[in-house]
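This report refers to the structure that appears directly beneath it.
Letters A, B, ... mirror the listed sequences (proteins, then strands); counts begin at 1.
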Amino acid sequence: MNEKQLRRSLAVLPIGTVIKLTSLSARQIRYYETQELVFPERSEGNRRMYSLNDIDRLLEIKDYLNDGFNMEGIRKVYAMKKAQAAAEESQKLSDADVRRMLRKELLNSGGMLEDNLTKLPRRRI
DNA sequence: ATTCTAACA
DNA sequence: TGTTAGCA
């Protein structure tokens with residue numbers, strides 16, 4: 001796991017901050033946890049601590065709810081996403097591979113990087 | 001001041 | 001889901 005993903009997975013936000021960031025009530029946020037849709041960590045004093053990924057997850061849940069999904073329905077959505085990820089893993093076509101291929105395409109097909117800019121002919125002003 | 005669990009008008 | 005009670 002790289003630094004960026006590591007930071008996003010760090011549980012450092014108390015529920016009060018999560019409330020402000022998601023516009024969800026404490027009641028809802030805690031309830032979704034009992035429904036096993038989010039899994040916040042716990043601090044020493046038993047306080048729930050959320051990560052940025054948890055924030056994204058809560059916002060997603062919010063959207064699914066607006067689309068008419070119920071708790072178990074949303075749970076199934078994430079179950080499928082997990083199965084999907086496992087399938088891709090077995091096929092060795094991971095997200096990292098996709099990004100690697102895309103970057104190669106961009107570098108060859110023409111041009112938006114500083115390397116190329118420095119090689120362009122100078123123009124007088 | 002903030003969050004937690006449990007319970008209910 | 002909201003709200004309130006009684007703790008930590």
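By the rule that hydrophobic residues join a cluster once side-chain heavy atoms approach within less than 4.5 Å of another member, A:Y78 and A:F39 end up as members of separate clusters.
Take A:Q35 and apply the side chain to side chain donor-acceptor pair (under 3.5 Å) test, not counting sequence neighbours, and it matches no residue. The side-chain contact (heavy atoms from CB on, under 4.5 Å) check on A:K82 picks up nothing, with sequence neighbours excluded. Here A:Y31 pairs with nothing under the side chain to side chain donor-acceptor pair (under 3.5 Å) rule; sequence neighbours left out. Every residue meeting the side chain to side chain donor-acceptor pair (under 3.5 Å) condition with A:N2, not counting sequence neighbours, appears here in chain and number order: A:Q5.
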Please table the atom pairs, donor to acceptor, closer than 3.5 Å between any side-chain atom in residues 43-52 of chain A and protein atoms at least two apart or in another chain.
{"unit_1": "A:S43", "atom_1": "OG", "unit_2": "A:R47", "atom_2": "N", "d": "3.1"}
{"unit_1": "A:S43", "atom_1": "OG", "unit_2": "A:R47", "atom_2": "O", "d": "3.4"}
{"unit_1": "A:N46", "atom_1": "OD1", "unit_2": "A:R42", "atom_2": "NH1", "d": "3.1"}
{"unit_1": "A:R48", "atom_1": "NH1", "unit_2": "A:E33", "atom_2": "OE1", "d": "2.8"}
{"unit_1": "A:S51", "atom_1": "OG", "unit_2": "A:R8", "atom_2": "O", "d": "3.4"}
{"unit_1": "A:S51", "atom_1": "OG", "unit_2": "A:N53", "atom_2": "N", "d": "3.3"}
{"unit_1": "A:S51", "atom_1": "OG", "unit_2": "A:D54", "atom_2": "N", "d": "3.2"}
{"unit_1": "A:S51", "atom_1": "OG", "unit_2": "A:D54", "atom_2": "OD2", "d": "3.2"}

List, one per line, each side-chain donor-acceptor pair under 3.5 Å for residues 63-72 of chain A, sequence neighbours excluded.
{"unit_1": "A:N66", "atom_1": "ND2", "unit_2": "A:K62", "atom_2": "O", "d": "3.2"}
{"unit_1": "A:N70", "atom_1": "OD1", "unit_2": "A:E72", "atom_2": "N", "d": "3.3"}
{"unit_1": "A:N70", "atom_1": "OD1", "unit_2": "A:G73", "atom_2": "N", "d": "2.6"}

Scan the side chains in residues 13-23 of chain A for donor-acceptor partners under 3.5 Å anywhere in the protein, sequence neighbours excluded, and list what turns up.
{"unit_1": "A:T22", "atom_1": "OG1", "unit_2": "A:V18", "atom_2": "O", "d": "2.7"}
{"unit_1": "A:T22", "atom_1": "OG1", "unit_2": "A:L24", "atom_2": "N", "d": "3.2"}

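Of the residues in residues 57-70 of chain A, none has a non-hydrogen atom less than 4.0 angstrom from any atom of DNA chain B. For the contact set between residues 34-53 of chain A and DNA chain B, defined by any heavy atom under 4.0 Å, the members are A:R42, A:N46, A:R47, A:R48.
Taking side-chain N and O atoms only, A:Y31 has no distance below 4.0 Å to OP1 or OP2 of B:dC4.
What separates CD1 of A:I19 from P of B:dT3 is a distance of 6 Å, to the nearest Å. Counting to the nearest Å, the P atom of B:dT2 and the CD1 atom of A:I15 are 13 Å from each other.
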Extract from the structure each pairing of a protein N or O with an N or O of nucleotides 2-4 of chain C at less than 3.5 Å, listing the distance.
{"unit_1": "C:dG2", "atom_1": "OP2", "unit_2": "A:S25", "atom_2": "OG", "d": "2.7"}
{"unit_1": "C:dG2", "atom_1": "N7", "unit_2": "A:R27", "atom_2": "NE", "d": "3.0"}
{"unit_1": "C:dG2", "atom_1": "O6", "unit_2": "A:R27", "atom_2": "NE", "d": "3.4"}
{"unit_1": "C:dG2", "atom_1": "O6", "unit_2": "A:R27", "atom_2": "NH2", "d": "2.8"}
{"unit_1": "C:dT3", "atom_1": "O4", "unit_2": "A:R27", "atom_2": "NE", "d": "3.2"}

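DNA chain C forms stems at B:4-8 with C:2-6, each a run of 3 or more consecutive Watson-Crick or G-U wobble pairs whose two key distances fall under 3.5 Å.
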